[in-house]
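The block underneath contains the structure these notes are about, expressed in structure tokens.
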Amino acid sequence: MDHNALEQEARARIAAAENLAALEALRVEYLGKQGTVSALLKTLGAMSMEERQAQGPLIQGLRQAVADALAERKAAMEAEQLEARLAAETLDLSLPAPAEPRGTVHPVSQMMDELAEIFADLGFAVATGPEIEDDWHNFTALNMPESHPARAMHDTFYFPAAADADAAEGARRMLLRTHTSPVQVRTMVNSGAPVRIIAPGRVYRSDSDATHTPMFHQVEGLVIDRDIHLGHLKWTLETFLRAFFEREDIVLRLRPSYFPFTEPSVEVDVGFAIEAGRRVLGGSGDDPGHGWMELLGSGMVNRRVIAMCGLDPDEWQGFAFGVGVDRLAMLKYGMDDLRAFFDGDVRWLGHYGFSFLDQPTLSAGVGARA
Ligand code: 2NL
């Protein structure tokens with residue numbers, strides 16, 4: 001077969017090759033070590049000078065032509081394959097994007113943020129402190145004597161005393177704080193007066209049923225200054241509760257009560273009505289169809305507490321209050337089982353949780369889009 005015929009044959013077969021494997025077989029057949037064109041190249045060695053000069057460029061040209069044809073066909077095949085893949089793998093850009101799973105803000109966190117926002121507007125700072133406390137900051141400084149029932153083992157989680165504890169350490173038993181009052185004690189001891197703080201956080205009591213969990217959340221407030229009286233307490237709580245429940249008709253009833261750390265002590269009730277089987281806050285509890293519900297405890301800080309915190313009770317006085325955050329959340333957003341708050345069930349959180357976009361602000365309203 002002369003070179004021309006060989007080239008025509010190779011071109012025809014390359015054009016007819018159906019896939020890359022067939023093309024590779026042709027490359028081996030023509031240009032491989034044992035290939036037809038390679039064999040022709042080998043014949044050059046046995047030729048005379050003149051013959052080689054004539055045949056050399058022809059055979060080299062043939063080799064180059066076959067190599068080019070192979071490369072061209074291979075590039076065309078690969079482009080075809082890519083086209084086919086692109087046609088098969090269509091991407092519909094009009095489809096909605098898959099939803100990003102996104103967590104929610106726990107109702108307790110939302111309540112804490114709302115409370116901090118409201119009280120910030122009234123000039124209160126947020127104070128925090130340790131959850132593991134000693135019994136001086138949790139009980140003694142709050143005028144709760146050794147004999148007080150809350151100090152007993154069945155109400156408070158104590159840490160075991162170290163085996164080698166001496167008498168002084170023994171008096172400083174460690175425990176899980178039963179209220180956030182020790183945070184206020186620490187603030188008075190460390191920073192003195194005046195004071196205007198709220199102390200939100202986790203507290204612990206050895207108690208567990210449908211309405212009590214061993215851990216729950218509390219916010220306490222403390223104001224200490226030179227001429228604070230019960231009127232300031234009532235106005236502050238009224239202003240806070242009206243902002244929190246977003247109702248101007250919140251009516252409070254102050255009842256005398258007893259706490260060791262306040263004197264006088266005041267239990268605060270709020271008026272409510274029953275609407276469609278649910279308690280709705282607002283109006284006087286003495287109005288027809290209304291009632292009073294106990295909401296929080298408060299009072300004027302006991303002189304003994306002020307003195308134990310290193311302040312002169314003849315110069316400084318003030319009020320304090322404490323309220324359960326979990327209960328506030330249940331009231332505001334109509335949840336009924338306290339235990340579900342701490343189960344960590346994402347379905348419950350999906351239903352009752354809040355969007356991180358629902359930042360409570362006084363201008364936009366502290367109530368989230370429930
Ligand atoms: C309640 C309500 C209350 C306080 C907490 C307090 C804190 C200091 C001094 C005085 Cl440092 N009082 N906190 C006052 C009254 C009530 O909590 O129902 N507690 C059992």
Side-chain angles (χ1 to χ4, degrees), residues 115 119 124-130 133-145 148-152 155-156 176-207 211-213 215-225 228-230 232-234 236-237 240-241 252-270 292-313 316-328 331:
L115 292 165
F119 279 104
F124 287 67
V126 172
T128 56
E133 266 292 0
D134 55 63
D135 68 355
W136 189 86
H137 287 93
N138 194 80
F139 291 130
T140 312
L142 288 151
N143 195 36
M144 294 169 84
H148 196 281
R151 292 184 81 137
D155 281 325
T156 301
L176 292 177
R177 68 182 182 194
T178 60
H179 42 196
T180 60
S181 312
V183 176
Q184 283 114 288
V185 169
R186 287 175 180 278
T187 303
M188 284 188 275
V189 168
N190 297 331
S191 313
V195 176
R196 205 187 287 184
I197 53 168
I198 57 168
R202 295 191 180 108
V203 300
Y204 302 84
R205 290 185 200 173
S206 185
D207 205 351
T211 53
H212 297 86
T213 48
M215 185 280 300
F216 59 103
H217 300 83
Q218 201 191 20
V219 170
E220 288 204 9
L222 175 72
V223 173
I224 302 283
D225 214 319
I228 298 296
H229 54 72
L230 266 182
H232 296 118
L233 169 64
K234 190 181 185 200
T236 302
L237 292 178
F240 149 56
L241 292 170
L252 300 186
R253 180 177 74 175
L254 274 54
R255 259 185 310 116
S257 182
Y258 174 78
F259 302 112
F261 28 87
T262 45
E263 180 60 33
S265 299
V266 175
E267 208 93 56
V268 179
D269 301 335
V270 59
W292 293 108
M293 177 172 46
E294 189 180 315
L295 196 61
L296 53 85
S298 62
M300 299 304 293
V301 179
N302 191 307
R303 292 172 57 87
R304 296 170 60 102
V305 173
I306 292 187
M308 268 183 288
C309 292
L311 299 174
D312 178 359
W316 301 104
Q317 57 187 323
F319 65 79
F321 60 88
V323 61
V325 178
D326 314 288
R327 223 171 87 76
L328 280 184
L331 252 181

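Values in this document were obtained by computation on a predicted structure and should not be read as measured data. Note that ligands are numbered from 1 as they come in the structure, with each ligand's atoms numbered from 1 the same way.
- Between V223 and the options V195, I197, I228, a side chain to side chain contact (heavy atoms under 4.5 Å, CB included) holds for only I228.
- For L296, the closest heavy-atom approach to ligand 1 does not fall below 4.0 Å.
- Between R253 and E267, none of the side-chain N atoms (NZ, or NE/NH1/NH2) sits under 4.0 Å from a carboxylate O, so this pair counts as no salt bridge.
- Residues N138 and S181 bring no donor and acceptor atom of their side chains to less than 3.5 Å of each other.
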Should E133 and V185 be marked as a side chain to side chain contact (heavy atoms under 4.5 Å, CB included) after you check the CA-CA gap, both sets of side-chain angles, and the distance that decides it? CA-CA 12 Å; E133 266 292 0; V185 169; over 6 Å; no
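- At the shortest separation from atom 2 (C) of ligand 1 among protein heavy atoms lies G322 O, 3.4 Å.
- Contacts of L142 with ligand 1, taken as heavy-atom pairs under 4.0 Å, involve the side chain alone.
- Protein heavy atom closest to atom 6 (C) of ligand 1, with residue, atom name and distance, is A320 CB, 3.4 Å.
- With salt bridges taken as basic N to acidic carboxylate O contacts below 4.0 Å, one links D135 and R151.
- Close approach of ligand 1 to Q184 (heavy-atom distance below 4.0 Å) involves ligand atoms 7 (C), 11 (Cl).
- Close contacts of ligand 1 with M188, meaning ligand atoms under 4.0 Å from a residue heavy atom, involve 11 (Cl).
- Atom 7 (C) of ligand 1 has E220 OE1, 3.4 Å as its closest protein atom, hydrogens excluded (heavy atom only).
- For F261 and F321, the gap between ring centers reaches or exceeds 6.0 Å.
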Let me see the working for R304 and N143 under side-chain hydrogen bond (donor to acceptor under 3.5 Å, both in side chains), right down to the final yes or no.
CA-CA 7 Å; R304 296 170 60 102; N143 195 36; 2.9 Å; yes
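- Of all the atoms in ligand 1, the ones that sit under 4.0 Å from a non-hydrogen atom of F259 are 1 (C), 15 (C), 16 (C), 18 (O), 19 (N), 20 (C).
- Close approach to S298 involves these atoms of ligand 1, each under 4.0 Å from a residue heavy atom: 15 (C), 16 (C).
- For atom 10 (C) of ligand 1, the nearest non-hydrogen atom of the protein is F261 O, 3.4 Å.
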